[in-house]
Peer 1: 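First, the structure itself, so that you have it in front of you.
These numbers come from a predicted model, not from an experiment. Note on naming: letters A, B, ... go to the chains in the order of the sequence lines (proteins, then strands), and numbering restarts at 1 for each one.
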Amino acid sequence: MAKEITSRAEDYSQWYLDIVKKANLAENSAVRGCMVIKPYGFALWENMRDQLDRMFKETGHVNAYFPLFIPKSFLSREAEHVEGFAKECAVITHHRLMADPNGKGLVVDPEAKLEEELIVRPTSETIIWDTYRNWINSYRDLPLLINQWANVVRWEMRTRLFLRTAEFLWQEGHTAHATKEEAMEETLRILDIYTTFAEEYMAMPVIKGIKTPNERFAGADETFCIEAMMQDGKALQAGTSHFLGQNFAKAFDVTFLNENNQQELVWATSWGVSTRLIGGLIMTHSDDNGLVLPPKLAPTQVVIVPVPKPAGPIDEASAKIMKALKDRGITCKYDMDMKNRPGFKFAEHEMHGIPVRLAIGQRDLDNNQVEVARRDTGEKTSVPLDGVADYVQQLLGDIQNNLFQKAKTFQEQKTTRIDSFNDFKDLLDTESPGFISAHWDGTTETELEIKEQTKATIRCIPLDGEAEEGTCILTGKPSARRVLFAKAY
RNA sequence: CGGGAUGUAGCGCAGCCCGGUAGCGCGCGUCGUUCGGGACGACGAGGCCGCAGGUUCAAAUCCUGUCAUCCCGACCA
């Protein structure tokens, strides 16, 4: 068998790149740091997007669209925010090109310099809050619950397909509330939506937590996150939900008149998940044979491979199965390809992570059955033709659960409680350190010192962590609870 | 922005030292034999050798410049 994918043991990051490429998810483009999301990868993103979109709408949010370009001056309105993003902005300085007077090609027309430069949005808080000022007058205008699906640009130095690209797709929610309590509730409601989505759809277990001040979103009072553990023992921030306090309301002068006819500043949240989730999905479930997709998000849930190739009786039997599957809301593809042999197709569909494969040949027809193979475990069984749709429906559910359970067990195994800094360093020196649950004295100074020495960062202060007296792993100072450290993507 | 490397067919590479017909594997096309775990044979298509100068009768090959990409170090969902 031709090995087309580098094994994880051999080279994990090459394995990741092989999966992205061989599963037809995305490729690098002519533009440095920017990727082309291919139809199969985009179909996956669409499924993720549709589920999230539904969940946002069920909780009262509506979609809108704000401009790609943001006046440079907007960014500087909120002090923390500028500092966070200024270093990675694409800037538009001119609006016209002209023929190069010295030769061939085009040059920027120096006459066409913009009065005020525009930046390509790295996130949209500023333009949105500038707009909200006009939309919000009274407490009756609140809460304002808006989401947008958009692309954003952050000029990253080192990029990796899906995990970190200069341009990426995401959703960003921006809400305005009358009270601090409401805004905080919203922040946590969204964190729960993200958690539900990650665990029930992506089958990717996550830890809900609060970011330390050092890791907080630029401009937020508090950042909540979900953190996932990848197969190589590194953590991935999978989603963030920010309680913005009144910072943007102050910066953009967004006030409302309350029931007592008094002016008050609005309370805000913002939250987002991006195409980075696809990277997380890959690194949670996939194996050395290729992509593994959870049934709830797979663009194609079932593929039928005719053996040896499409032909009358096999086509007929397959058509019946497909009909029965479609009646149950299961997406199914019949492999009509005449060129490749069954063995090749098996490998190919495994590479693409299709959860269930059915194979039908004359041998099966003679026995009135069909071969069913599941992607997650590789197991194959023969099932009577009659009951195959019901069997597959149940199997898809089993696969979804199995993927989650397997990932959950892995995450638990990869979480270590540590109480001495030597053990801490030793574990971080290993190939696959995972999450380390340890005490921290709560200071940024200590956090940075630990990062300096070990490259590990505090991923979050887990929300469900119990209070526990202890002493800081580095300084020995008192600590009230454990936090999660890890090396991160 | 510092250090290292590479640009030759769609992809992966050889050829460069020692200048002289543009080569291999994969992929692609046609035909045939195959087909229950990545098939094989025959024939075929496909290249301003990154770009610009220079040396030479002659440059993928030598020299100069330039551009681009990749890898390693400081930021980040």
Side-chain angles (χ1 to χ4, degrees), chain A residues 1-5 11 13-14 17-18 21-22 27-33 83-89 103-105 121-123 150-160 162-172 194 211 214-218 220 223-228 235-242 270-280 289-290 305-311 314 335 337-352 357-367 369-373 378 380 382 451-452 455 457 459 488-489:
Chain A
M1 189 168 77
K3 262 284 167 235
E4 301 217 3
I5 296 176
D11 184 343
S13 54
Q14 189 57 48
L17 291 173
D18 285 351
K21 189 172 160 190
K22 297 283 167 41
E27 60 189 39
N28 283 308
S29 70
V31 186
R32 179 194 162 81
E83 208 181 314
F85 286 105
K87 285 169 286 184
E88 49 186 29
C89 285
K104 299 168 273 189
R121 63 180 165 218
T123 180
N151 58 337
V152 286
V153 168
R154 297 181 187 176
W155 213 262
E156 301 289 352
M157 300 198 167
R158 280 182 49 57
T159 59
R160 291 186 74 188
F162 291 117
L163 294 171
R164 179 170 302 109
T165 45
E167 179 193 16
F168 57 91
L169 304 184
W170 76 346
Q171 59 67 215
E172 47 179 326
Y194 287 163
K211 286 293 187 188
N214 179 55
E215 296 272 335
R216 203 178 272 161
F217 175 75
T223 288
F224 295 83
C225 63
I226 52 172
E227 293 282 328
L236 181 81
Q237 178 173 306
T240 47
S241 185
H242 313 294
S270 72
W271 27 275
V273 295
S274 72
T275 37
R276 174 180 243 204
L277 285 177
I278 294 176
N289 293 322
V305 178
V307 178
K309 64 171 71 167
I314 296 173
D335 191 336
D337 176 82
M338 296 293 280
K339 187 185 150 227
N340 292 301
R341 299 160 43 159
F344 180 90
K345 293 178 179 180
F346 294 167
E348 180 108 316
H349 295 133
E350 273 161 23
M351 198 107 78
H352 288 83
R357 180 190 72 235
L358 308 182
I360 308 182
Q362 192 54 50
R363 202 169 75 201
D364 299 294
L365 291 181
D366 292 343
N367 296 318
Q369 62 182 27
V370 54
E371 184 190 85
V372 181
K380 291 191 282 199
S382 285
K451 182 178 179 182
E452 172 75 24
K455 304 250 192 258
T457 51
R459 301 321 303 155
Y489 275 99

Peer 1: Please name the nucleotide paired to B:C17 by Watson-Crick or G-U wobble geometry with both distances under 3.5 Å, or report none.
Peer 2: none
Peer 1: Let me confirm one number: the OG1-CG distance from A:T165 to A:N28, rounded to the nearest 0.5 Å.
Peer 2: 10.0 Å
Peer 1: Answer yes or no: is there an ion pair linking A:E371 with A:R363, defined by an N-O contact shorter than 4.0 Å?
Peer 2: no
Peer 1: Roughly how many Å apart are B:A9 and B:C49, using the P atom of each and rounding to a whole number?
Peer 2: 9 Å
Peer 1: Is the ring centre of A:F168 under 5.5 Å from the base ring centre of B:A77, and are the two planes under 30° apart, so that they stack?
Peer 2: yes
Peer 1: Tell me which nucleotide among B:A74, B:G37, B:G36 gets nearest to the side chain of A:V307.
Peer 2: B:G36
Peer 1: Heavy atoms only, 4.0 Å cut-off, all strands: where does A:L236 land among base, sugar-phosphate and nothing?
Peer 2: nothing
Peer 1: Given atom NE2 of A:H349 and atom P of B:G36, what is their separation to the nearest angstrom?
Peer 2: 15 Å
Peer 1: Using only heavy-atom distances, decide whether a donor-acceptor pair under 3.5 angstrom links the side-chain of A:K380 to the base of B:G37.
Peer 2: yes
Peer 1: Can you tell which of B:C35, B:C75, B:A39 lies closest to the side chain of A:K87?
Peer 2: B:C75
Peer 1: Whether the side chain of A:E350 and the base of B:G37 hold a donor-acceptor pair under 3.5 Å is what I'd like checked.
Peer 2: yes
Peer 1: Touch check for A:D364, heavy atoms < 4.0 angstrom, all strands: base, sugar-phosphate only, or nothing?
Peer 2: base
Peer 1: What is the distance, to the nearest angstrom, from the NZ atom on A:K22 to the P atom on B:G27?
Peer 2: 12 Å
Peer 1: Starting at the 5' end of RNA chain B and moving along, which residue's nearest nucleotide shows up first, A:E371 or A:R276?
Peer 2: A:E371
Peer 1: To the nearest Å, give me how far apart CG (A:D335) and P (B:C35) are.
Peer 2: 18 Å
Peer 1: For B:C48, which nucleotide in any strand shown is its Watson-Crick or wobble partner with both distances under 3.5 Å?
Peer 2: none
Peer 1: Which one is paired to B:G53, where only Watson-Crick or G-U wobble pairs with both distances under 3.5 angstrom count?
Peer 2: B:C63
Peer 1: State the CG-NZ distance between A:L17 and A:K22, to the nearest 0.5 angstrom.
Peer 2: 10.5 Å
Peer 1: Can you check whether A:K339 has a side-chain N or O nearer than 4.0 Å to OP1 or OP2 of B:C28?
Peer 2: yes
Peer 1: Name the nucleic acid region contacted by A:M338, choosing base, sugar-phosphate or nothing; use a 4.0 angstrom heavy-atom cut-off, strictly under.
Peer 2: nothing
Peer 1: Look through every strand shown and name the nucleotide pairing with B:G2 as Watson-Crick or G-U wobble, where both distances are under 3.5 Å.
Peer 2: B:C72
Peer 1: For residues A:T457 and A:R459, is any side-chain donor paired with an opposing acceptor at under 3.5 Å?
Peer 2: yes
Peer 1: Does a distance-only test, which skips hydrogens and angles, find a donor-acceptor pair under 3.5 Å between the side chain of A:R357 and the base of B:G37?
Peer 2: yes
Peer 1: Find the distance A:E156:CD to B:A77:P and express it as a whole number of Å.
Peer 2: 8 Å
Peer 1: Has A:R158 got a side-chain N or O lying under 4.0 Å from the OP1 or OP2 atom of B:A74?
Peer 2: no
Peer 1: Measure from NZ on A:K309 to C1' on B:U33 and round the result to the nearest Å.
Peer 2: 11 Å
Peer 1: Can you label the angle between the A:W271 ring and the A:Y194 ring as parallel, tilted or perpendicular, going by 30° and 60°?
Peer 2: perpendicular
Peer 1: Look at all strands and tell whether A:K451 reaches a base, only sugar-phosphate, or nothing, counting heavy atoms closer than 4.0 Å.
Peer 2: nothing
Peer 1: Which is true for A:Q237 with a 4.0 Å heavy-atom rule: it touches a base, it touches only sugar-phosphate, or it touches nothing?
Peer 2: sugar-phosphate
Peer 1: Taking B:G46 as the reference, what is the distance to B:G27 when you measure between their C1' atoms (whole Å, please)?
Peer 2: 12 Å
Peer 1: Remember a base hit wins even if backbone is also touched, and classify A:T223 as base, sugar-phosphate or nothing at under 4.0 Å, heavy atoms.
Peer 2: nothing
Peer 1: Is the distance from OP1 or OP2 of B:A39 to the nearest side-chain N or O of A:R341 less than 4.0 Å?
Peer 2: yes
Peer 1: Is a salt bridge present between A:E227 and A:K211, judged by a nitrogen-to-oxygen distance below 4.0 Å?
Peer 2: yes
Peer 1: Quick one: label A:G361 by what it contacts on the DNA or RNA (base, sugar-phosphate, nothing), any heavy atom closer than 4.0 Å.
Peer 2: base
Peer 1: Rounded to whole angstrom units, what separation is found between the CE atom of A:M157 and the C1' atom of B:C72?
Peer 2: 14 Å
Peer 1: Pick base, sugar-phosphate or nothing for A:R160, based on heavy-atom distances below 4.0 Å to the nucleic acid.
Peer 2: nothing
Peer 1: Which of these nucleotides, B:C70, B:C72, B:G37, is closest to any side-chain atom of A:R32?
Peer 2: B:C70
Peer 1: Looking at A:F168, I'd like to know if the NZ or CZ of A:R276 sits under 6.0 Å from its six-membered ring centre while staying within 45 degrees of the ring's axis.
Peer 2: no
Peer 1: In Watson-Crick or G-U wobble terms, both distances under 3.5 Å, what is the partner of B:U33?
Peer 2: B:A39
Peer 1: Please give the nucleotide sitting opposite B:C24 as a Watson-Crick or G-U wobble pair, both distances under 3.5 Å, or none.
Peer 2: B:G12
Peer 1: Closest approach to the side chain of A:R154, judged atom by atom: which nucleotide of B:A77, B:C72, B:A39 is it?
Peer 2: B:A77
